Structures are given as C-alpha cells and as structure tokens.
Amino acid sequence: MALDRWKPFIISYKTDEKGVHTILPPTNFVKLAHKNNLQVHPYTFRNENKQWSNGNPESEYHAFFNTGIDGLFTDYTDEAVNALKTWKKGN
C-alpha cells in the first residue's frame with residue numbers, strides 16, 4: 001500500500017518577503033510511513049517549479065531520493081529516470 005502526497009509533506013520550503021525560497025529539512029513523513037509498511041510517492045515533479053531545484057531539477061530529484069521515497073509522480077519521466085541513475089551512482 002502506498003501514500004501519494006504533495007512534496008511539501010516530505011521536504012517543505014519557506015518564502016521570504018523578497019520571494020527567496022529556503023528549503024527546510026526533510027520531515028519524518030517517509031520514516032513514519034515506512035514504519036507502518038507504507039510506501040511514499042510524492043507528486044508532482046515539474047521542471048518549471050523551482051522551489052526545490054533552484055533551476056536544477058536533478059538536484060530536486062536527488063533531495064527527495066535521499067529521503068527514502070519509493071516512487072514519484074512527474075511530468076518529465078526521462079529526467080526522473082536520468083536523475084535516478086545519477087543518484088544511484090553517487091550512493
């Protein structure tokens with residue numbers, strides 16, 4: 001069984017008055033889900049959303065892979081697959 005959740009449930013961010021995004025530490029959502037035998041699939045990864053990536057979508061995927069997610073929803077499958085390959089090489 002899996003939980004499909006919006007990305008901020010796993011890694012959130014705050015935006016200051018100038019519109020600058022600051023990434024917050026990952027939550028314990030994935031750990032709690034896994035403790036209860038549930039997989040986690042965050043959504044939706046889009047290149048135009050720069051809150052987590054600062055213009056580098058691969059770094060966004062890597063940050064979420066580092067939390068232990070089990071899958072994800074994306075509008076750019078080819079980039080997600082490539083990011084998974086580069087993440088696996090580094091881990």
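This structure is a prediction, so every number in the text was calculated from the model and none was measured.
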Determine the minimum heavy-atom distance between Ser53 and Ser59, stating which atoms define it. O-OG, 3.6 Å
Measure across Gly71 and Pro42 and return the closest heavy-atom pair with its distance rounded to 0.1 Å. O-CD, 3.1 Å
Got a sec, which residues hit ring-ring contact (aromatic ring centres under 6.0 Å, His included) with Tyr13, two or more places apart in sequence or on another chain? His21, Trp52
Take Val30 and Ile10 through the side chain to side chain contact (heavy atoms under 4.5 Å, CB included) test and state the conclusion after the steps. CA-CA 7 Å; Val30 174; Ile10 298 152; 4.0 Å; yes
Flag side-chain contact, heavy atom, 4.5 Å: Met1 against Leu38: yes
Hey, are the side chains of Thr27 and Ile11 touching, using non-hydrogen atoms and a 4.5 Å cut-off? no
Are Phe73 and Val81 linked, directly or through intermediate hydrophobic residues, by side-chain heavy-atom contacts shorter than 4.5 Å (ILVMFWY only)? no
With sequence neighbours left out, write down each residue that passes side-chain contact (heavy atoms from CB on, under 4.5 Å) with Phe9, or none if nothing qualifies. Arg5, Trp6, Phe29
Treat each ILVMFWY residue as a node, draw an edge where side-chain heavy atoms are under 4.5 Å apart, and state whether Leu3 and Tyr43 are in one component. yes
Thr74 and Tyr61: side-chain donor and acceptor closer than 3.5 Å? yes
Any donor-acceptor pair under 3.5 Å from His62 side chain to Ala83 backbone: yes
Given side chain to side chain contact (heavy atoms under 4.5 Å, CB included), test His34 with Asp70 step by step and report yes or no. CA-CA 10 Å; His34 287 169; Asp70 304 287; 2.7 Å; yes
Test the Lys7-Phe45 pair against the cation-pi criterion, namely NZ or CZ under 6.0 angstrom from the six-membered ring centroid and within 45° of the ring axis. yes
Is the closest side-chain heavy-atom distance between Thr67 and Val40 below 4.5 Å? no
Hey, could you give me the CG/NZ distance between Leu24 and Lys14, rounded to the nearest 0.5 Å? 6.5 Å
Residues that Asn47 engages under side-chain contact (heavy atoms from CB on, under 4.5 Å), provided they are two or more places apart: Pro57, Tyr76, Glu79
Is a salt bridge present between Lys50 and Glu60, judged by a nitrogen-to-oxygen distance below 4.0 Å? no
Between Asp16 and Thr22, is any pair of side-chain heavy atoms under 4.5 Å apart? no
To the nearest 0.5 Å, how far apart are CG in Asn82 and OG1 in Thr77? 11.0 Å
Can you find a pair of side-chain heavy atoms, one from Thr86 and one from Glu58, that are under 4.5 Å apart? yes
